[in-house]
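Only one structure is covered here, and it is reproduced in the block below.
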Amino acid sequence: MTVVGTPAPASAGPAETLEPRAMTVPFPFSPSLLAERVAVVTGGATGIGLAIACALTEAGASVVITSRSAERLTAAEMEVARRTGRPVWSLPCDVREEDDVARLRDFVSARCGAAAIVVNNAAANFRMPAEKMTGRAMRAVLDTDLLGTYQVTRAFFDDLRSTGHGSVLSIGIAAVERGFPGYSHAGAAKAAIASLTASWASEWGPHGIRANCIAPGPVPTKGVWENMLGQPPSSAADAGAQAFAQYAQAVPLRRLGTPQDVAAAVVFLSSDLAGWITGVTLTVDGGLNLTLGP
Ligand SMILES: CCCCC/C=C/C(=O)SCCNC(=O)CCNC(=O)[C@H](O)C(C)(C)COP(=O)(O)OP(=O)(O)OC[C@H]1O[C@@H](n2cnc3c(N)ncnc32)[C@H](O)[C@@H]1OP(=O)(O)O
Ligand SMILES: NC(=O)C1=CN([C@@H]2O[C@H](COP(=O)(O)OP(=O)(O)OC[C@H]3O[C@@H](n4cnc5c(N)ncnc54)[C@H](OP(=O)(O)O)[C@@H]3O)[C@@H](O)[C@H]2O)C=CC1
């Protein structure tokens, strides 16, 4: 039986074990829930995107993953097949580049058919105090997170509409209305994504396209460790690992998130189970935002 949180292989090194896969909830959706649907997942080779690709595949969708690295995509293709027993397709694409995005759209259409589900998950992040933020640094993040989300979604608009049940899922960040200290570029981009989502929902509802945002709290993926907190710790005793363990105690549900927590929300929102839900931002954070005060 396939499960949402396939346990890490015994051979997994310290970096892999940081992507918590301890959750062993049986896969909660029918394997035919998304049958005949084609899905595109940006940033689908690692972390949360990889878990989303696995979950959509397990729910019956034909999935195309994309990121800038052909090497990571090849590894991810094998990982999805290992976890789900089904193939995914992949194409390198920098979401900041219009030509790349146009090629992606044509690849998906030729290989699998019209996309009914677009998951905007690709993102870039690095710590930088606001007063030190250069224009290039700001642009590097806005171009990836915001422009990339807009560009990919727009490229697939005709396909989404043609299916009659298009669904756009964009990944934001929990409690972004409070800002994102140290990461003001990413906070601004993610806040704008929530607004884009609402605009798309209103404008495209009449075309049968739903648009929703998922706003995760902290999920200690390898990408977060490398880009936000330095190198992954080599053991649970490392200061970084200790800080995260302490952070978990601030969460009402007393744990940090897993990629699979986010993936389950994506499957639900992209399916007909959520057929009358559009324009929402769903926070997936174990209740952490409730502890931040009024
Ligand atoms: C604690 C829980 C909350 C977690 C919330 C959210 C988490 C996440 O979003 S996780 C996603 C993390 N994953 C990634 O970030 C992976 C992808 N990131 C990247 O590939 C890069 O960081 C990049 C896209 C931003 C690099 O883009 P590129 O166009 O190649 O940028 P340049 O190298 O040309 O640099 C442009 C500009 O930005 C400055 N810069 C880039 N990276 C960093 C860095 N790591 N630290 C500081 N500054 C950086 C760079 O210095 C350039 O500015 P100038 O120096 O003024 O030219
Ligand atoms: N982990 C967390 O705590 C939280 C994460 N999020 C969001 O969840 C999503 C996934 O993050 P996570 O899995 O943790 O981190 P990852 O670093 O694993 O994922 C980011 C992905 O984006 C891809 N990517 C980056 N830039 C581009 C680009 N220009 N074009 C195409 N792909 C690109 C990367 O692949 P490649 O480098 O190969 O291009 C990578 O696969 C992001 O949107 C993030 O902001 C939100 C809240 C909390």
Side-chain angles (χ1 to χ4, degrees), residues 15-16 18-20 40-53 65-76 79 90-98 100-101 104 119-129 132-149 151-152 169-176 180-183 185-187 189-191 193-194 213-230 232 240 243-244 246-248 250-251 256-263 265-266 281-286 288-289:
E16 282 80 7
L18 287 169
E19 297 196 9
V40 183
V41 183
T42 69
T46 60
I48 292 171
L50 177 58
I52 292 170
I65 56 175
T66 182
S67 90
R68 293 164 299 178
S69 161
E71 198 184 330
R72 279 193 282 273
L73 287 169
T74 302
E79 182 63 11
S90 77
L91 184 76
C93 164
D94 187 329
V95 297
R96 299 172 291 187
E97 301 295 335
E98 210 170 344
D100 277 21
V101 171
L104 173 67
V119 183
N120 294 301
N121 167 79
N125 222 330
F126 48 86
R127 177 180 282 279
M128 186 168 275
K132 297 217 166 88
M133 183 79 67
T134 63
R136 272 172 52 81
M138 189 69 160
R139 264 193 298 277
V141 170
L142 288 180
D143 281 358
T144 307
D145 296 17
L146 179 56
L147 186 75
T149 292
Q151 240 163 213
V152 170
L169 262 307
S170 302
I171 309 299
I173 293 184
V176 75
F180 194 3
Y183 305 86
H185 43 11
K190 297 293 192 178
I193 285 170
C213 185
I214 292 175
V219 180
T221 61
K222 195 161 170 261
V224 163
W225 281 101
E226 288 176 353
N227 289 282
M228 303 182 72
L229 303 169
F244 258 149
Q246 217 169 355
Y247 199 8
V251 179
L256 300 181
T258 65
Q260 291 77 19
D261 288 321
V262 182
V266 169
T281 292
L282 176 64
T283 298
V284 179
D285 73 345
L288 184 60
N289 72 90

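Just so you know, ligand 1 is whichever comes first in the structure, and atom 1 is the first atom listed for that ligand.
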Test item, Ala123 contacting ligand 1 (heavy atom, 4.0 angstrom): yes

For ligand 2, the portion of Thr144 having any non-hydrogen atom under 4.0 Å away: side chain

Residue-ligand contact Glu226/ligand 1, heavy atom below 4.0 Å: no

Region of Arg72 that comes within reach of ligand 2 [heavy atoms, distance under 4.0 Å]: side chain

For ligand 2, the portion of Ala124 having any non-hydrogen atom under 4.0 Å away: neither

Region of Arg68 engaging ligand 1 - heavy atom pairs below 4.0 Å: side chain

Any Arg96 heavy atom less than 4.0 Å from ligand 1: yes

Ligand 1 contact on Tyr183 by region, counting heavy-atom pairs under 4.0 Å: neither

Polar atom proximity, Arg68 to ligand 2 (N or O, under 3.5 Å): yes

Region of Lys190 engaging ligand 1 - heavy atom pairs below 4.0 Å: neither

Part of Ile48 within contact of ligand 2 (heavy atoms, under 4.0 Å): both

Proximity of Val219 to ligand 2 by residue part, where a heavy atom lies under 4.0 Å: both

Side chain, backbone, both or neither: the part of Cys93 lying under 4.0 Å from ligand 2 by heavy atom: backbone

Within reach of ligand 2, part of Lys190 (heavy-atom separation under 4.0 Å): side chain

